[in-house]
Amino acid sequence: MLFTELNLSAPILKAVTEEGYTTPTPVQAQAIPPILEGRDMLAGAQTGTGKTAGFTLPMLEILSRKPFNPKAPRHVRVLILTPTRELAAQVGESVKTYGKYLPFKSAIIFGGVGIQPQITALRNGIDILIATPGRLLDHMSQGTVDLRHVEMLILDEADRMLDMGFIKDIRRVISALPAKRQNLLFSATYSDEIKTLCESILRNPAIVEVARRNTSSELVTQRVILVDCAKKSALFGHLVKENKWEQVLVFTRTKHQANKLSDYLQKIGVSAAAIHGNKSQAARTKALSDFKAGAVKILVATDIAARGLDIDQLPHVVNLELPNIAEDYVHRIGRTGRAGNEGEAISLVCVDEYDYLKGIERLINRKLDRDIIEGYEPDPSIMAMPIVQGRGGGGGRGNSPRPGGGKPQGAKPQGGRREPQKRDSSSHRSESRRGR
Ligand code: AMP
């Protein structure tokens, strides 16, 4: 199938062609026709599938099919909600890119930056609003946004919004919208909570489900390297230098650990930056653009900060620490092997994380090869310690060399007591809600 077969008008097709795309991805091919028919939609698709264009293109097409008077006052006609600032910024970019030959104005509003420019943009009139729920509510309570003319609501990464505790905010936003509107809900997972949300807002939705990209992708080589917790940073630095890696996205479980690795890498002469919820928006944007431009080789990120980051053709993703939610592993490795390019996902796994590894292997239905690197062999006498989420050290012991020769103090034998699927929602929430 070609984009030209999807009933999109010339200004949209021109913008798509200029991006170099001729063939729609599966989610685009499946989602665009029912959206153009005006149907509600539930789409199971994660980042990396082309979902953003999957809703942006038909949304722009629908807007452009109605008569448009550029001199008449503008009202928000489309509201797109995203869980994070980064995702809002990226969706905003896509709206601008694909809508560049159309007369619509869009604005992005999220927390952590000054509210005044957003108020000015809203006052000047916009057609498409991309927002994170917290800051949107701030505008609603100040009366600086009018949602009474919304024709289409798009919830992007709805599962993540629920994970981040935004359900009440979403419901408050929805209660301010006209009852008659088209609703699109995109979610990588389909939990009971998502089901309840769908039942309450979607009317006879078209259902689109695309394969999880990386569980099926042959393009991503997945490797596990076993190593002691205390040696992870040193091993990572060694791998970067040895393999002459030029662009690596590294994941940690905590903000503290992200900072620590970034500091360590800079100390050994490898350019690195960390992004997480404690960094200002300006610092996060700068880190990302430096990384994309190649000025920074290593970007260290927590799951939430990295969510939705659109970095094309990333050759390497490294899990310095495995995520405590197996699903997050799939999201993380989804950053590599995109758009037909080969990618490598490497996980540095210490004895504390074996339960997490098992949970991941269960989810992806595949056993990952375990390697050991000479000079970084794990010490078999070190026993597992429980990982405490949200604590200073970040996953218990992180990378800090242990006093007294690397043996854990008071180590307990591993007993399968941990629940790899359980999220520490409070620590995620505190990161996600900051700077509304
Ligand atoms: P998304 O899942 O929306 O985050 O998109 C993932 C990546 O795929 C982005 O870098 C898009 O620019 C790219 N992309 C979107 N649509 C297509 C397409 N039809 N063909 C190739 N790449 C695409």
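Counting starts at 1 for both ligands and their atoms, following the listed order.
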Short list, please: which atoms of ligand 1 are under 4.0 Å from a heavy atom of F3?
19 (N)

Taking both backbone and side-chain atoms of A53, is any N or O found less than 3.5 Å from an N or O belonging to ligand 1?
no

Given L197, which partner from the list L42, D192, L155 fulfils the side chain to side chain contact (heavy atoms under 4.5 Å, CB included) test?
L155

Residues E61 and S9: side-chain donor-acceptor under 3.5 angstrom:
yes

Those residues at least two apart in sequence (or on a different chain) that pass salt bridge (charged side-chain N to carboxylate O under 4.0 Å, His left out) with K244 are none

Quick check: do S347 and E353 have side-chain heavy atoms less than 4.5 Å from each other?
no

Considering the heavy atoms of T52, write down every atom of ligand 1 situated less than 4.0 Å from one of them.
1 (P), 3 (O), 4 (O)

Considering Y98, F186, Y21, F55 one by one, which has a heavy atom nearer to atom 23 (C) of ligand 1 than any of the others?
Y21

For T23, the ligand 1 atoms whose distance to one of its heavy atoms is below 4.0 Å:
18 (C), 19 (N), 20 (N)

Compute whether any side-chain donor of one residue and acceptor of the other, for Q266 and S262, lie under 3.5 angstrom apart.
yes

T25 neighbourhood, listing ligand 1 atoms whose heavy-atom distance to it stays under 4.0 Å:
17 (C), 18 (C), 19 (N)

Where's the contact between E19 and ligand 1, heavy-atom distance under 4.0 Å: side chain, backbone, both or neither?
neither

Min side-chain heavy-atom separation F68-R74 under 4.5 Å:
yes

